[in-house]
Q: 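The structure follows.
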2 protein chains.
Amino acid sequence: MKLRKDYTCPLEIVHDIIKGKWKPIILFQLKDGAKSLSQLQKEINGITQKMLIEQLSELKQYGIISKNKALGYPLHVEYFLTEDKGQQMLKAIRIMQNVGIDYMNENGMEDIIKAKGIKKLEI
Amino acid sequence: MKLRKDYTCPLEIVHDIIKGKWKPIILFQLKDGAKSLSQLQKEINGITQKMLIEQLSELKQYGIISKNKALGYPLHVEYFLTEDKGQQMLKAIRIMQNVGIDYMNENGMEDIIKAKGIKKLEI
DNA sequence: CCGTATCCGATCCGATACTG
DNA sequence: CAGTATCGGATCGGATACGG
């Protein structure tokens, strides 16, 4: 899962970095600051611990997120977006979020948006 | 592959719509107007005809692209982004493209960017 | 030129059990 | 609380052949 060097276009590398069912959602959940594993798992509907850790680890290898370990028990680890690559990638995720909101509103899913109180983001 | 109605967040639906290795690249190639299947296949490095048709068909079902058929032989079909959903989704793809360019420039792949003359897009 | 069908390996992802 | 290991079903994606 290391970065290849032979990408033929920028979208290919972005796909490699954020592909999969969970990565965009994880990054979105980190948009307002650092969170622990258990916090993330509570907030992300349906993700298993295994998937969460696996995806976080990949994002870390790509330099999109980083982690703070506090030593001692109980363990406390916090994950956060990196200033450069993380924040950069978040820009794309934010647009995706807004596009998703519009799409849902235009396709009979306004009720879900409304029920959750989801609002479009400032870009 | 029809749209579910039980999405729990906007990013989930966006993932469903543009997931896979090829869809973002296909949409990007359509950004400046309609193109035929064979044009797209020439421009998209490494895609097979099967994958291209399959992905185009999915994008069509989601209302992201549409097609013009000209009757008679030789067949000529053109694919293009829809005004609403297609252009909307393109916004996200454009950001992804720029993020990818930055990422490549910062990670020893400037030569690829330069060799292909790839420029960041106006947002 | 466009589109469909099939076969098959690679990978994704969920469930589950176990460790420090 | 955080992380690892394994196993199997589902899905993805490449090769290839054939049909309108």
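Quick note on labels: first sequence line is chain A, next is B, and so on, each numbered from 1.
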Q: Can you check the B:E58 CD to C:dT4 P distance for me, whole Å?
A: 13 Å
Q: Would you list the atom pairs, donor with acceptor, under 3.5 Å between side chains in residues 19-26 of chain B and any protein atom, with sequence neighbours excluded?
A:
residue: B:K19; atom: NZ; partner: B:D16; partner atom: OD1; Å: 3.4
residue: B:K23; atom: NZ; partner: B:K19; partner atom: O; Å: 2.7
residue: B:K23; atom: NZ; partner: B:Q55; partner atom: OE1; Å: 3.2
residue: B:K23; atom: NZ; partner: B:E58; partner atom: OE1; Å: 3.1

Q: Assigning hydrophobic clusters by single linkage (Ile, Leu, Val, Met, Phe, Trp, Tyr; side-chain heavy-atom cutoff under 4.5 Å), is B:I47 placed with B:V77?
A: yes
Q: Residues in side-chain hydrogen bond (donor to acceptor under 3.5 Å, both in side chains) with B:S38, at least two apart?
A: B:S36
Q: Between A:E78 and B:E54, which residue's closest nucleotide on DNA chain D lies nearer the 5′ terminus?
A: A:E78
Q: Expressed in angstrom and rounded to an integer, what is the separation of B:K69 atom NZ from C:dC1 atom C1'?
A: 13 Å
Q: Is A:K23 close enough to C:dC12 that one of its side-chain N or O atoms is under 4.0 Å from OP1 or OP2 there?
A: no
Q: Angle between the two end axes of the helix from C:dG3-D:dC18 to C:dG20-D:dC1, five base pairs per end, rounded to 10 degrees?
A: 30°
Q: Does B:E12 form a side chain to side chain contact (heavy atoms under 4.5 Å, CB included) with B:T8? I'd like the steps, not just the answer.
A: CA-CA 7 Å; B:E12 210 174 331; B:T8 61; 2.8 Å; yes
Q: What is the distance from NZ of B:K21 to P of C:dC12, rounded to the nearest Å?
A: 11 Å
Q: Using heavy-atom distances to pick each residue's nearest nucleotide on DNA chain C, tell me which of B:Y79 and A:K19 is more 5'.
A: B:Y79
Q: Which atom names give the shortest non-hydrogen contact between A:L30 and A:I65, and what distance separates them?
A: CD1-CG2, 3.9 Å
Q: Between C1' on C:dC1 and CG on B:L56, what's the gap in Å once rounded to a whole number?
A: 14 Å
Q: At their closest point, which heavy atom of B:M104 faces which heavy atom of A:P10, and how far apart are they?
A: SD-CA, 3.7 Å
Q: Hey, what do you get for CD (B:Q29) to CD1 (B:I93), rounding to the nearest 0.5 Å?
A: 11.5 Å
Q: Please determine whether a side-chain nitrogen of the Lys or Arg among A:E43 and A:K35 lies less than 4.0 Å from a carboxylate oxygen of the Asp or Glu.
A: yes
Q: Under 3.5 Å, side-chain donor or acceptor atoms of residues 114-123 of chain B against the rest of the protein: list the pairs with distances, not counting sequence neighbours.
A:
residue: B:K120; atom: NZ; partner: B:D102; partner atom: OD1; Å: 3.1
residue: B:K120; atom: NZ; partner: B:D102; partner atom: OD2; Å: 3.0

Q: What are the 5'-most and 3'-most nucleotides of DNA chain D lying under 4.0 Å from any heavy atom of chain B?
A: D:dC12 to D:dG20
Q: So which heavy atom on B:I17 is nearest to which on B:M89, and how close?
A: CG2-CE, 3.9 Å
Q: What are the residues of residues 34-51 of chain A, sorted by number, that bring a heavy atom to within less than 4.0 Å of DNA chain C?
A: A:T48, A:K50, A:M51
Q: Would A:K85 count as a cation-pi partner of B:Y103, with NZ or CZ less than 6.0 Å from the six-membered ring centre and within 45° of the ring normal?
A: yes
